[in-house]
Amino acid sequence: MAPTIEIKESTVLVILGASGDLAKKKLFPGLYGLERKCLLPEDFQVVGFAPDQISHEEFVNIIRSPVKLESPRFAEQLKQFCNRCSYVSGHEGGDKSFEALKKKLDEIGHGKKEQHRLFYMALPPSVFVPMSEQLKKHCYSEKGQTRLIIEKPFGHDLESSRELQRSLDPNWREDEIFRVDHYLGKEVVNNLLVLRFGNEIFGSIWNQRNIDNIQVSILEGKGAEGRGSYFNSTGVIRDVMQNHMIQILALLTMERPKSLSADDLCDQKVRVLDWIQPIKVEDTIIGQYAKSGDGEKPAFKDEEDVPDDSRCATFCAAIAHIDNERWNGVPFFLKAGKALNESKTEIIIQLKHSANANIFKDMVPNKLTIRVQPNEGVFLTVNTSVPSLTTSIEPMDLDLTYRDREIPEAYEALLLDALRGDYSRSVRGDELDASWKIFTPLLHHLDENEEEKPREYRYGSTGPEGLDEFVTSYQNRSKM
């Protein structure tokens, strides 16, 4: 395992956008989770920064509101965490606001030899660059390390992603930037490396000789629900496929790294992503949800600020191929969508038919299912004899569920990484570049060709018509 990195003393985390949903629902609960686990140094401080003019008490209420207290001890820890937190209003804007933030940071660091500053941009990507410029101008630590933490989306396509990086380059080195993809904080996603490289039983079969196909699904039962305007400008490919899904795919298919260091991990992810050919439009099914069959759930076009002629993809099924020795000929089925019949994130590794199938009847191929959420677990489908007076076989699951384990929240893991300076779950610049190359040609084609209209599917269904035939055709092709 990689060595544990301790959080440096005199560390301050500044959350820009501290009154927004990301801070309220994910960041403050994640930090409180670290407090509960006694992982924060004694002098660690949090500073909230936002345009709102609110009192300290109102800010503390923002922090407290999502927390469910399960015992008096947790109440004391929440109080202790709130005592670490303070707020600076940026209502004046421009230099004055950042000078006020600098003053607060200097007060916290007064009398200390050094102060390490982390700035979490819980903000729209459109303001990353101007805000980062102000931070460098006014708030960069002269007596310690400074790091910038940014959330996806990192650009809109390959060129805009590169432009964002070029805009950050004059002020921020690569080793000062954390790019957060919250799927990399999920326990089951992190377990992919251990599952693959820590178990010879899987390592020896993880190739095109034994695997028929791999399926990665990120499905949501809910629709846009008030986020129609944002989603209409983004779509499901940019929202979850280019980032979350590609990260999962890279961990599933990369070669064994020399170590678990950030550079060694990212090097192998970049190498396998470079082997993935750009997704072709003929290898996709694009959909958009209509009203539910009973008319109770609205269509995507019924969402506020979504135009009647919207061609936004709320569903995408795509076939990817990795043209290297390990994966040549194996189809990768990528499926993501909103307003479907279930919510789940799941990986299925479908193994090829056994050579012993001609001995036993009714044998099904072995299958490894990795459930990321909900009901996290790993399930291996094997053939086994049914207890009876006759010889009959049925598939059963060897079940490794996580239900009896305390699973850390994704943001707890990612915040702890950032505070420690551990980049192993940060998305590196060249890794981001490689992932955009896979989807940018498809995105440009869909954006620019008005005749490319998504297929409608009912809210609460399994997706557009023809999906099953689409998948089956590629499965049959892989057997040829």
Side-chain angles (χ1 to χ4, degrees), residues 183-184 186-219 241 244-257 265 268-269 272 276 317-322 324-336 342-357 360 362-386 393-405 407 468 471-472 474-479:
Y183 262 64
L184 289 176
K186 292 185 179 293
E187 184 66 23
V188 180
V189 174
N190 286 310
N191 194 35
L192 290 174
L193 290 176
V194 179
L195 190 71
R196 286 192 58 195
F197 302 119
N199 296 284
E200 186 59 29
I201 186 174
F202 295 127
S204 61
I205 64 169
W206 218 261
N207 52 56
Q208 48 86 14
R209 292 185 298 278
N210 299 286
I211 293 176
D212 183 81
N213 65 80
I214 292 180
Q215 304 160 39
V216 183
S217 302
I218 301 179
L219 312 178
M241 297 184 79
H244 305 332
M245 191 169 280
I246 284 297
Q247 286 296 326
I248 291 173
L249 188 59
L251 292 170
L252 277 172
T253 58
M254 61 186 264
E255 297 299 317
R256 183 183 183 276
L265 285 169
Q268 292 301 335
K269 285 198 283 182
V272 76
I276 302 177
I319 308 297
H321 298 278
I322 302 177
N324 62 11
E325 184 177 2
R326 180 183 294 273
W327 298 113
N328 185 40
V330 177
F332 292 83
F333 301 99
L334 312 179
K335 183 168 67 172
E342 59 182 337
S343 293
K344 70 177 180 182
T345 299
E346 188 174 73
I347 303 158
I348 296 176
I349 293 92
Q350 182 69 64
L351 278 81
K352 291 184 176 180
H353 235 293
S354 170
N356 294 317
F360 302 106
D362 303 321
M363 282 185 61
V364 301
N366 299 130
K367 179 174 68 174
L368 181 65
T369 301
I370 302 168
R371 178 68 64 85
V372 177
Q373 63 183 23
N375 304 319
E376 296 89 343
V378 180
F379 314 94
L380 178 61
T381 302
V382 298
N383 292 292
T384 184
S385 174
V386 178
I393 295 174
E394 69 177 28
M396 296 185 68
D397 285 340
L398 300 179
D399 183 346
L400 170 62
T401 56
Y402 285 64
R403 58 175 169 264
D404 297 325
R405 305 182 185 188
I407 301 176
D468 290 342
V471 172
T472 301
Y474 282 90
Q475 288 175 329
N476 292 338
R477 197 178 305 177
S478 70
K479 296 179 176 65

### Task
Mind checking the CG-CD1 spacing from N366 to I211? Nearest 0.5 Å is all I need.
11.5 Å
### Query
At what distance, to the nearest 0.5 angstrom, does NZ of K344 lie from CG of N375?
11.0 Å
### Task
Keeping the roles fixed (side chain from K352, backbone from Q208), state whether a donor-acceptor pair exists under 3.5 Å.
yes
### Query
Minimum heavy-atom separation for P374 to R371, with atom names?
O-CG, 2.9 Å
### Query
Is any side-chain heavy atom of T345 closer than 4.5 Å to a side-chain heavy atom of V188?
no
### Query
Roughly how far, to the nearest 0.5 Å, is the CD1 atom of I347 from the CG atom of L195?
9.5 Å
#### Entry: Min side-chain heavy-atom separation N199-W206 under 4.5 Å
no
### Query
Under the 3.5 angstrom rule, does the side chain of N328 hit a backbone N or O of N324 as a donor-acceptor pair?
no
### Query
Which atom pair, heavy atoms only, marks the closest approach of I319 to P331?
CG2-CB, 4.2 Å
### Query
At what distance, to the nearest 0.5 angstrom, does CD of Q247 lie from CG of L192?
11.5 Å
### Task
Check the pair E376 / E187 against side-chain contact (heavy atoms from CB on, under 4.5 Å), numbers first and verdict last.
CA-CA 9 Å; E376 296 89 343; E187 184 66 23; over 6 Å; no
### Task
Using a 4.5 Å cut-off on heavy atoms from C-beta on, say whether the side chain of L219 contacts that of K335.
yes
### Query
Between W327 and F332, how do the two ring planes meet: parallel, tilted or perpendicular, split at 30° and 60°?
perpendicular
### Message
Pair T253, R326 - check side-chain contact (heavy atoms from CB on, under 4.5 Å), show working.
### Response
CA-CA 9 Å; T253 58; R326 180 183 294 273; over 6 Å; no
### Query
Taking D212 for the side chain and L351 for the main chain, is one N or O donor matched with an acceptor at less than 3.5 Å?
no
### Query
Can you tell which of E346, M241, M245 makes a side chain to side chain contact (heavy atoms under 4.5 Å, CB included) with V216?
M245
## Note on the structure
Here the gap from Q215 atom CD to K367 atom NZ, rounded to the nearest 0.5 Å, amounts to 8.0 Å
### Task
To the nearest 0.5 angstrom, please state how far the CD1 atom of I248 sits from the CD1 atom of I218.
4.5 Å
### Test side-chain contact (heavy atoms from CB on, under 4.5 Å) applied to I349 and I370, step by step
CA-CA 8 Å; I349 293 92; I370 302 168; 3.9 Å; yes
#### Entry: Close side-chain approach of I322 and V330, heavy atoms under 4.5 Å
no
### Query
Taking the side chain as C-beta and beyond, is there a heavy-atom pair between V471 and N213 under 4.5 Å?
no
### Test side-chain contact (heavy atoms from CB on, under 4.5 Å) applied to K269 and L251, step by step
CA-CA 7 Å; K269 285 198 283 182; L251 292 170; 4.2 Å; yes
### Query
How about V189 and H244: do any of their side-chain heavy atoms sit closer than 4.5 Å?
no
